[in-house]
Number of protein chains: 2
Amino acid sequence: MKKKERHQLLRQLVQQETIRKQEDFVNKLLDRGIEVTQATISRDIKELQLIKVPAKDGGYQYNLPPEMNYNISKKLGRLMKDAFVSIDTQKEFVLVKTLPGNAFALGTLIETANYKEVFGCISGDDTVLIICRDEESAERFQRRIISFI
Amino acid sequence: MKKKERHQLLRQLVQQETIRKQEDFVNKLLDRGIEVTQATISRDIKELQLIKVPAKDGGYQYNLPPEMNYNISKKLGRLMKDAFVSIDTQKEFVLVKTLPGNAFALGTLIETANYKEVFGCISGDDTVLIICRDEESAERFQRRIISFI
DNA sequence: TAATATACTGTATAATTATACTAGAAGAAG
DNA sequence: CTTCTTCTAGTATAATTATACAGTATATTA
């Protein structure tokens, strides 16, 4: 487990789970068989610029950095409305066609959004290939994306 | 010094000064002759949902809540471009005319932005009256606002 | 390869932040 | 005014987070 992978995982965790303190991270990682200490998490958090947000419900919760977290879906929506051409799925793959030059931006947004359905994605000039976790995820993800248009 | 006032002040401080830890708040307030303890600040921060952001430069810094902080000026810019009609100053007052129905939104944004020149503001349907700290502030604020158009 | 520099992480602990508890202040109701 | 309730805030301390230090690993250079 390299630092980069761990960081990636932390970004996912912070979106999928409720992380109230750094030890929660430690434990979630432990669940996945990854051993790290709170100190390491503290440093990771600093590098990733994760923030601890006072929640409405009285507690606290870690979150993605504001710029990253804020209105990604709004940006996605705008870009989709502007540049979407077509979409199709095949097994666990989703292929989105965009107007020329827009695929990279779309791919970046999709990666940043960190959807749990998505395993990874590759962007060309007018095509984004999204590799989902499985067939079902791909369909769910397709619906998600289409709903932006 | 009521809690509300202190909260208001904290919002200003967090924008005008570099606050690295809660004690910095305590000290800044002390500078202004207001005595509170770190515990109170901690509770204030929770209520205001201020966040502690890992800064690029290695340290940490408190910030406004993401939604509030994020791109207020972008919103202001958009609204000004859309709805601005005229502006004028008189002593420490600035009067902005907007298209009907837009003044309230503008006023809210101006208040949220927490410009240090601004003492307060009142919005009608197509007019926002901004009361600045003094004549000079009013002019500075006018320039600020005009630059959005 | 050896030497040196750089990156990563755990341990221990310092630094910071949150909160249980308590008490006084400010209001509301009688 | 008295009693009850709610809100605030300080004190002391628990809980959480950051970091100095040291060791190991990994990369870089000669």
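This one's a predicted model, so the numbers in the text were calculated from it and none came from an experiment. Chain letters run A, B, ... following the sequence lines, proteins first and then strands; every chain starts at 1.
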When rounded to the nearest 0.5 angstrom, what distance separates CG in A:Leu109 from CG in A:Leu76? 4.5 Å
Gap between atom CD1 of A:Ile131 and atom SG of A:Cys121 - 0.5 Å precision: 7.5 Å
Restricting to nitrogen or oxygen on both sides, can you table the protein-nucleotides 14-17 of chain D pairs closer than 3.5 Å?
unit_1: D:dT16; atom_1: OP1; unit_2: A:Lys21; atom_2: NZ; d: 2.9
unit_1: D:dT16; atom_1: OP2; unit_2: A:Lys21; atom_2: NZ; d: 3.2
unit_1: D:dT17; atom_1: OP1; unit_2: A:Lys52; atom_2: NZ; d: 3.2
unit_1: D:dT17; atom_1: OP1; unit_2: A:Tyr62; atom_2: OH; d: 2.9
unit_1: D:dT17; atom_1: OP2; unit_2: A:Gln22; atom_2: N; d: 2.8

Look at atom [atom1] of [X] and say whether more than 12 heavy atoms of other residues, nucleotides or ligands are closer to it than 6.0 Å.
X: A:Phe93; atom1: CZ; answer: yes
X: A:Glu35; atom1: CD; answer: no
X: A:Glu5; atom1: CD; answer: yes

According to side chain to side chain contact (heavy atoms under 4.5 Å, CB included), who are the partners of A:Asp125, at least two apart in sequence or on a separate chain? A:Pro100
Salt bridge check, B:Arg43 against B:Glu47: does any charged N sit closer than 4.0 Å to a carboxylate O? no
Strictly below 4.0 Å, N to O, side chains only: are A:Lys28 and A:Glu17 in salt-bridge contact? yes
Sequence neighbours left out, what passes side chain to side chain donor-acceptor pair (under 3.5 Å) with B:Thr127? Give chain and number order. B:Lys97
To the nearest 10 degrees, the angle between the two end axes of the helix from C:dT1-D:dA30 to C:dG30-D:dC1 (five pairs per end) comes to 40°
Within residues 25-34 of chain A, those residues having any heavy atom closer than 4.0 Å to DNA chain C are none
Quick one: which protein N/O atoms are closer than 3.5 Å to N/O atoms of nucleotides 5-9 of chain C? Pair and distance per line, please.
unit_1: C:dC8; atom_1: OP2; unit_2: A:Lys3; atom_2: NZ; d: 3.1
unit_1: C:dT9; atom_1: OP1; unit_2: A:Arg6; atom_2: NH1; d: 2.7
unit_1: C:dT9; atom_1: OP2; unit_2: A:Arg6; atom_2: NH2; d: 2.8

Taken to the nearest whole Å, CD1/B:Ile41 to P/D:dT8 is 15 Å
B:Arg20 side chain to B:Tyr62 backbone, donor-acceptor under 3.5 Å: no
Within the structure provided, determine whether B:Leu64 and B:Ile51 are in side-chain contact (heavy-atom separation under 4.5 Å). no
Modelled atom types, side-chain donor and acceptor of B:Gln38 and B:Gln22, under 3.5 Å: yes
